[in-house]
Amino acid sequence: MTRAVLTLNAGSSSLKVALFPAKGDAPLAVGLVDRIGPEAQITLKMGSGAALPASGDLTSHLGAMHAVLDGFRGQWPDLDLVAVGHRVVHGGADFAAPAIVDDAVLDQLDRLSPFAPLHQPHNLTGIRAAIASFPDVPQVACFDTAFHRNHPWVNDTYALPQRFYDQGVRRYGFHGLSYEYVSGEFARIAPDLAKGRVVVAHLGNGASLCAIEGGRSMASTMGFSPLDGLAMGTRCGQIDPGVILYLMDQQGMDAAAISDLLYKQSGLLGLSGLSNDMRTLAAAQSPKAQDAIAYFCARCQREIASMAAAMGGMDALIFCGGIGENARGIRALICDRLGWMGVAVDPARNAENLGRVSPDAAQVPVFVIPTNEELVIARAARAAVQ
Ligand code: ADP
């Protein structure tokens with residue numbers, strides 16, 4: 001019997017999966033079903049990287065889930081799932097920890113859909129498909145917001161009349177699974193520094209920062225939605241709310257058009273007119289691509305200082321996410337602009353893309369720690385059913 005934990009990350013048209021053993025951190029297999037629908041593609045790989053055969057009806061999340069499971073069962077015919085862990089973008093004000101999904105929890109999560117209309121419904125589709133596929137296996141919801149649930153009130157609120165806060169209009173923060181993993185790893189590799197004030201920069205297609213003091217999230221650049229803060233692949237990041245009013249009043253844009261603009265057409269893509277992908281922009285050398293990179297780095301630099309200010313200082317800076325882990329040039333640009341705070345990178349160490357990338361003498365050490373959200377979900381799912 002191969003006892004295992006399945007992790008699922010269901011997006012609007014994709015399903016990311018990983019299969020972990022009942023004990024141990026190395027995945028048995030990982031997979032992706034992309035563009036769920038008539039043109040879907042499925043890729044399944046062993047933990048070693050070897051491809052696994054996979055096919056099936058990929059026109060729905062449920063079909064995709066069966067195709068994934070069939071692929072895994074082809075390799076492990078005696079597969080026994082002990083739990084399924086789900087990435088859920090929004091846990092609202094109430095979920096500060098993973099939760100075993102039952103009807104009441106599903107109802108609660110459904111009610112949060114208006115807060116994250118582009119993500120939450122798809123996450124819940126994934127949970128429902130998993131319940132339909134494995135009705136007897138515990139389903140565990142793991143929230144991107146949970147890590148941030150104990151922010152000081154000043155970092156949790158907007159300066160609106162109190163009733164809006166009471167209705168749930170608050171700064172929730174996201175990428176919490178990534179921050180939980182990275183701060184846990186940091187406590188392992190640099191326990192003394194991890195007791196202090198740490199800024200983690202999760203820079204991927206989605207990007208945010210988190211101020212973490214003694215392992216606890218104190219502030220984040222993302223707020224009510226995953227739009228705020230840093231410029232991202234296609235999201236605008238920080239914007240004056242007056243711009244939204246202008247777009248509505250003077251340009252006659254409705255909520256759907258503004259949502260599309262802010263979530264899908266802005267950020268690196270909007271600035272460059274070329275691509276949302278940092279690698280493409282770095283290779284492009286066009287002035288617009290360079291402008292987009294300069295804006296991205298400038299916002300990172302300003303917001304890192306803001307996160308440090310929220311804690312009264314910064315004892316370490318950590319990069320993670322696709323850009324944070326791989327783009328040494330971007331890290332160098334950001335850190336050079338933070339030299340006045342005592343941040344520095346050592347070029348040779350920075351080229352390694354791993355571990356401590358600052359000189360020994362740097363006042364604020366800088367680290368690269370590859371994130372692993374799937375492992376956080378797998379551990380939470382195991383813990384919840386033990
Ligand atoms: P997501 O938020 O979708 O999980 P990732 O964390 O995978 O995104 O990050 C994707 C981003 O990382 C893309 O902009 C990609 O270009 C960038 N990236 C990945 N590898 C490199 C690299 N070697 N150099 C520069 N950017 C990179």
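Predicted model, so just to flag it, every value in this text is computed and none were measured. Both backbone and side-chain heavy atoms feed into the values below; hydrogens, waters and symmetry mates do not. We count ligands from 1, going down the list as the structure has it; atoms in each ligand are counted the same way.
Within the model, atoms CH2 of Trp153 and CZ of Arg171 stand 13.0 Å from one another, a figure rounded to the nearest 0.5 Å.
The closest protein non-hydrogen atom to atom 14 (O) of ligand 1 is Met278 N, 3.0 Å. Ranking the protein heavy atoms by distance from atom 4 (O) of ligand 1 puts Lys16 NZ, 4.5 Å first. Closest to atom 18 (N) of ligand 1 among all protein heavy atoms lies Gly322 O, 3.5 Å. The single protein non-hydrogen atom nearest to atom 27 (C) of ligand 1 is Arg279 CG, 3.6 Å, given as residue, atom name and distance. Nearest non-hydrogen protein atom to atom 11 (C) of ligand 1 is Ile323 CG1, 3.8 Å. Atom 8 (O) of ligand 1 has its closest protein heavy atom at Asn205 N, 3.1 Å. From the protein, the heavy atom lying nearest to atom 25 (C) of ligand 1 is Ala327 CB, 3.5 Å.
Around atom CD of Gln41, no more than 12 heavy atoms belonging to other residues, nucleotides or ligands sit under 6.0 Å away. Residue-environment remark: CZ (Arg128) exceeds the threshold of 12 foreign heavy atoms within 6.0 Å.
The residue from Leu268, Leu203, Asn326, Asp277 that puts a heavy atom closest to atom 13 (C) of ligand 1 is Asp277.
When the ring-ring contact (aromatic ring centres under 6.0 Å, His included) test is applied to Tyr263, no partner is found at least two apart in sequence or on another chain. Partners of Asp70 by side-chain hydrogen bond (donor to acceptor under 3.5 Å, both in side chains), not counting sequence neighbours: none found.
Look at Glu213 and Arg216 and you find no salt bridge, because none of the NZ, NE, NH1 or NH2 atoms lies under 4.0 Å from a carboxylate O. No salt bridge links Arg235 with Asp228; every basic N to acidic carboxylate O contact stays at or beyond 4.0 Å.
The closest approach between a heavy atom of Ala282 and any atom of ligand 1 is not below 4.0 Å.
Distance remark: protein heavy atom present below 4.0 angstrom from atom 20 (N) of ligand 1.
A side-chain donor-acceptor contact under 3.5 Å links Ser178 and His202.
Atom numbering of ligand 1 starts at 1 in the shown order; those under 4.0 Å from a heavy atom of Gly206 are 2 (O).
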